[in-house]
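Following: one structure in structure tokens, then a few remarks.
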Amino acid sequence: MEETEEAATHRDDGEQPGCSKILADQHQKQEDEDLANIVTAEEYLMRKDVVLLDYEKQMFLDMVHADALMVCAKGITYQRVLFNILKAYSDAGNLILVINSSDWEEEYYKNRLEKKYIHDVANTATERERVYLEGGVQFISTRILVVDLLKQRIPIELITGIVVLHAHTIIESCQEAFALRLYRQRNKTGFIKAFSSSAEAFTIGYGHIERIMRNLFVKELFIWPRFHAVVQASLKPYEAQTIELHVPLSEKMKLMQTHILDIMNYLVREIKRINRTVDMEEITVENCVTKKFHKILQAQLDCIWHQLNSQTKLIVADLKILRSLMISTMYNDAVSAYALIKRYRTTEYALSNSGWTLLDSAEQIFKLSKERVFNGLGEFEPEPCPKWKYLSEILKVEIPADMKRTKPDCYDPPKVLILCQDTRTCYQLKQFLTQSGERYLLYTALRQQIPVGKLGKSFEQIQANKDLELSLPQPPMKSYSQKTKKPNLKDTAPETDETPNETQVDELAQLLTQGDVEVMEANYFQESYMLTMTQTQFDDSDLGQMNDSGTGADTSVDNSVFEPFPEMENLDITAAIAARKQPLICLQTFKTEREGSAALDRVLEEINPQYVVMYHCNVAAIRQLEIYEARQKRKLKDRMKVFFLIHARTVEEQSYLTSLRREKQAFELIIETKSKMVIPDYQDGKTDEAFNLYKAYKHPEDAVESANAQSRKAGGQTSKLGEEEPTPKIIVDMREFRSDLPCLIHKRGIEVLPVTITIGDYILTPEICVERKSISDLIGSLNSGRLYNQCIQMQRYYAKPILLIEFDQNKPFHLQGKYMVSQNTSTTNADIVQKLQLLTLHFPKLRLIWSPSPYATAQLFEELKLGKEEPDAKQAAAIGADDIGAYDDLKFNANVYDFLLRLPGVNTKNVHKLMRHGGSLKELLKKSQDELVALLDSKENAKLLWDILHVAHLPEKDEVSGSAAILAASKQMGTHSRFRRGAAANVGARGGGGYMRRFKN
């Protein structure tokens, strides 16, 4: 039987003294106990503390026995499986590295594993070396891991294995693939186990899953969709009781949905008519209303964005806006939807959109959205959300009646969990249940600055105390969290990891993900609320009153039976419920920023609700409820009841069905791919045949020259790996490991030396220094002047300074149009080009390299290094530190140093003596030609310098016209006074006095 769990052992690594028989016996006894503790994977699953469902046990066995990639469906999570794998390997004798994990996943595993086997990553290199030797499980950022692997700070041969999360993101050039390649080069026995829960991500591009498996060095692929036979067998016997309520839309909402879909359909047809040669297959109305619409658009249009005309770009922006209008109409209240739609009925927006606001359907949308808020008399009387009535009926009528019918002898209060999509809806339901729908709508109108005017009849009851209510502060909202307690979020916005990157340059991405009012206001809402009821328990009179009220919706909610949960500060939910004996209502989003999807699992375990209301539909949440019920293994009458509130035959239902269909198609494609996949034996990198680890690309011409050179050596046969020429080396600055380039350089067979250098980013040879700039970085550096200083330093210390301008491989190799210009500056492309021209004029040695992608850059670096000397890491690090310190000690002025180097006769060999003994520029003008000979050690150089300082040089006619052109160009730019003054002085110079004045200034 295979022994897989060395983790359960506790080895004694002390040396056995040969002189002591007692110690020898004790050592032998300890070894016997260790051998007795070794268990197989099957025996581990039989332990009482291991609670897994049948399909999870099969997942565990699959992953333990093989290096593999596991792809799970949404909601069919691998967290418990991975937790047990990490738990089984938790031992000081094992070193397990977990990479590419999110913050909440890291916290999830750290809180459940034994603390003595969890080690936090240290800040200093020396401390990390010590922590690595302690073993256990370590969650580490990939950038730190790559540098430590390259510098051999980590004992690579002693690593037991690496666990990779979110495996669908492991592309060839990413840091995780780099770390795995370095690991597999020197460790042939450790395992690699990869997990992913995004099946759709593997369907993008050709052969995507094969490439990812190659990058992960795994040969096995395990697929776990919801329709897997083992999953169905595990969940089917314990299905929860489900009640699906089809909530009809109001007539105005139906019409608005129809009109919005009509406009979207028109825009989709228009975008396809304009771009007949572009593949627009994925741009359909069905996809436009789905959650991942912007990702689909980016995948389709990113690479050709610069080729699209302005009308197409406007349509893309308008499709995104219409989708937000649809979501607001379906999910938000009438007042919030009207406030959003009203933003797009302005003159400014009408002049900047694709023209949809001029359509008849758009006019109807504006009209209907206003009619949903104001009645025919112009009074403020917004229609309530259709689902409010049904939710109120469930809480006040259905649940009490069901408890009286099924558990007549039970006096325990019911616990209800209400799940919704976002924090805005969560807050909306909390306000509706505790204050009433009317008061919430009125407050929303005042907050959105909508002129209320005269109130309708249903709002007259709160008109008298309107000012009083508005003057009172909102009750503090406590976040339902297990460990921490947030402050009132209406005063303090929470720190979020999901805010969009504001520095992103990509116009399409900004256009598709730019924040609406809803996104900005989401910071004021919470992810969870706890409510209770004022009654101590349900009795016949209470139930009779609820039933007498009809549906329960007509009851005045001013006398609401719901109130915020006062014991939230204690954070002891169980004790609080037991003490008060009151019903508990928990409002919760499907996911939270702090805990991700694990938040729902935790809430289910802590509250153990009898009733769940799915206010919105979510595939993952439904499956999490199924798995929770399967773990409980309760009888049918004791299982929780799930109420689904859904707008049938609407965009909401269609979006849910589309997400199901997409996932099913993705899994079918992966299954078909697996059946046809050809995987070589050496793909796991555990044999010497894994040539992909040592692949070095050579230029065809170089290969021919190399073959000719070796024609006299055994007929041109290639020698063995260790006997070839020394491995080429490139020095890489530590900060550059955030990019993909070091990974691709290493993949071409070039050794990467991570060094902290202050001048340049890459040192290819002792003479070649490269400063790499992405497009956004280039624009920022040109505007701030930082690039100018970097070029001064490179030209001062290196004979061949290079500025590398690198484009994104997924974007066009193009620097025209608004596409590539930073949104944070008013700079135009003309300014960028002009500044680059001035840069090349000022630094004649500087070479510019335009690279379409990091792949092309890696190949260019390899070609630039052919036949050149290898760089010295110590010297490269010292150039930026020691040399500059020496110049500071000698009181050298860098600006004067650069100025002198540009004078005729002054070069790098004599400039230091000139600066030491020349005094000042004023004294230099007074020196004779003989004195200059002594300073420069050369008559020729002394004559050149004396002539330029004292002899009048009359400019030629062509020189005058050229200088005048430069002066005109510099006036247009309005900056760079240094060049403008130089050109003006050149034009105006007619005698020695002109040059003398320019020199003195």
Side-chain angles (χ1 to χ4, degrees), residues 247-261 263 289 321-345 361-393 420-463 466 516-519 521-522 524-525 551 553-554 557 615-616 645-647 650-652:
V247 181
L249 294 175
S250 66
E251 288 301 319
K252 294 185 179 67
M253 290 177 71
K254 285 182 183 176
L255 290 172
M256 286 183 68
Q257 177 185 258
T258 304
H259 290 310
I260 293 175
L261 286 174
I263 297 174
V289 297
I321 289 170
L322 287 166
R323 179 179 175 273
S324 69
L325 296 184
M326 178 71 78
I327 291 172
S328 183
T329 303
M330 299 295 297
Y331 296 132
N332 295 342
D333 55 89
V335 176
S336 299
Y338 173 62
L340 178 62
I341 291 173
K342 202 172 77 163
R343 290 169 52 198
Y344 299 108
R345 200 176 192 186
S361 296
E363 187 63 32
Q364 289 298 318
I365 292 171
F366 296 135
K367 178 183 174 185
L368 290 166
S369 64
K370 186 173 182 179
E371 289 177 358
R372 289 184 66 204
V373 179
F374 300 96
N375 60 20
L377 301 175
E379 298 173 335
F380 179 78
E381 195 169 6
E383 62 181 29
C385 295
K387 288 185 180 181
W388 284 358
K389 175 182 175 182
Y390 285 78
L391 178 63
S392 181
E393 181 180 350
C420 48
Q421 185 72 42
D422 54 10
T423 54
R424 170 183 280 275
T425 309
C426 212
Y427 174 76
Q428 176 198 107
L429 295 180
K430 182 252 184 185
Q431 296 296 96
F432 164 68
L433 292 174
T434 56
Q435 292 190 5
S436 82
E438 290 84 357
R439 186 176 285 117
Y440 167 72
L441 291 171
L442 178 59
Y443 290 172
T444 303
L446 295 173
R447 193 174 70 245
Q448 300 279 8
Q449 298 182 348
I450 293 176
V452 174
K454 186 178 180 183
L455 296 176
K457 290 183 179 179
S458 60
F459 289 83
E460 289 176 355
Q461 56 182 334
I462 59 174
Q463 185 176 10
K466 177 182 69 174
D516 288 325
V517 175
E518 292 84 353
V519 178
E521 288 187 352
Y524 294 97
F525 307 136
T551 62
D554 299 331
V557 197
Y615 196 78
H616 295 143
L645 294 178
I646 187 168
H647 294 301
T650 63
V651 167
E652 182 186 21

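These numbers come from the heavy atoms of this one structure, side chains and all, not from hydrogens, waters or symmetry mates. All residue numbers in this chain count up from 1 along the given sequence.
In terms of the side chain to side chain donor-acceptor pair (under 3.5 Å) criterion, Lys252 has no residue partners (sequence neighbours excluded). By the side chain to side chain donor-acceptor pair (under 3.5 Å) test, Thr444 is found to be paired with no residue, residues two or more places apart in sequence or in another chain being considered.
Side chains of Glu379 and Leu455 form no contact here, defined as non-hydrogen atoms less than 4.5 Å apart. The side-chain heavy atoms of Arg372 and Ser369, taken from C-beta on, include no pair separated by under 4.5 Å. Using a 4.5 Å heavy-atom cutoff, the side chains of Lys254 and Glu251 are in contact. The shortest distance between side-chain heavy atoms of Tyr615 and Gln428 falls below 4.5 Å. Thr329 places none of its side-chain heavy atoms less than 4.5 Å from the side chain of Gln257.
Going from atom OH of Tyr344 over to atom CG of Leu325 covers 6.0 Å, rounded to the nearest 0.5 Å. Taking CG of Asn332 as the reference point, atom CD1 of Ile327 lies at 9.0 Å (rounded to 0.5 Å). The line from CZ of Phe432 to CG of Leu391 is 6.0 Å long, rounded to the nearest 0.5 Å. Taking CG of Leu441 as the start and CZ of Phe380 as the end, the distance is 6.0 Å to the nearest 0.5 Å. Separation of atoms CG (Leu368) and OG1 (Thr258) is listed at 10.0 Å; rounding is to 0.5 Å. Atom OG of residue Ser361 and atom CE of residue Met256 lie 12.0 Å apart, to the nearest 0.5 angstrom.
In this structure a side-chain-to-backbone donor-acceptor pair under 3.5 Å is present from Ser324 to Ile321. A side-chain donor-acceptor contact under 3.5 Å links Thr650 to the backbone of His647. Although no hydrogens or angles enter the test, the distance criterion places no donor-acceptor pair under 3.5 Å between the side chain of Ser392 and the main chain of Trp388. Remark: side-chain polar atoms of Thr434 are paired, donor with acceptor, to backbone N or O of Lys430 under 3.5 angstrom.
A side chain to side chain donor-acceptor pair (under 3.5 Å) with Asn375 is found for exactly one of Glu381, Glu383, Lys454, namely Glu381.
Nearest heavy atoms, Ile263 versus Ala362: CD1-N, 3.6 Å. Smallest separation of non-hydrogen atoms from Ser336 and Arg424: OG-NH1, 3.5 Å. For the pair Gln449 and Lys342, the tightest heavy-atom approach, listed with the atom from each and the gap, is O-NZ, 4.5 Å. Taking both residues in full, the closest heavy atoms of Leu645 and Lys387 are given as O-NZ, 3.2 Å, listed atom of the first, atom of the second, then distance. Of all non-hydrogen atoms in Met326 and Ile260, the two that sit nearest each other are CE-CG2, 3.6 Å. Here the closest heavy-atom approach between residue Met253 and residue Leu249 is recorded as CE-CD2, 3.5 Å.
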Step-by-step side-chain contact (heavy atoms from CB on, under 4.5 Å) determination, Val452 to Leu442: CA-CA 8 Å; Val452 174; Leu442 178 59; 4.1 Å; yes
Residues Arg439, Gln431; criterion side-chain contact (heavy atoms from CB on, under 4.5 Å); working and verdict: CA-CA 8 Å; Arg439 186 176 285 117; Gln431 296 296 96; over 6 Å; no
Where do Tyr338 and Glu371 land on the side-chain contact (heavy atoms from CB on, under 4.5 Å) test, with the steps shown first? CA-CA 9 Å; Tyr338 173 62; Glu371 289 177 358; over 6 Å; no
Working note: Gln421 + Cys426, criterion side-chain contact (heavy atoms from CB on, under 4.5 Å); need CA distance, chi angles, decisive distance, verdict. CA-CA 8 Å; Gln421 185 72 42; Cys426 212; over 6 Å; no
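Tyr440 and Tyr427 have perpendicular rings, their planes meeting at more than 60° on a 0 to 90° scale where under 30° would count as parallel.
Salt-bridge annotation for Arg345 and Glu363: present, with a side-chain N of the basic residue lying under 4.0 Å from a carboxylate O of the acidic one.
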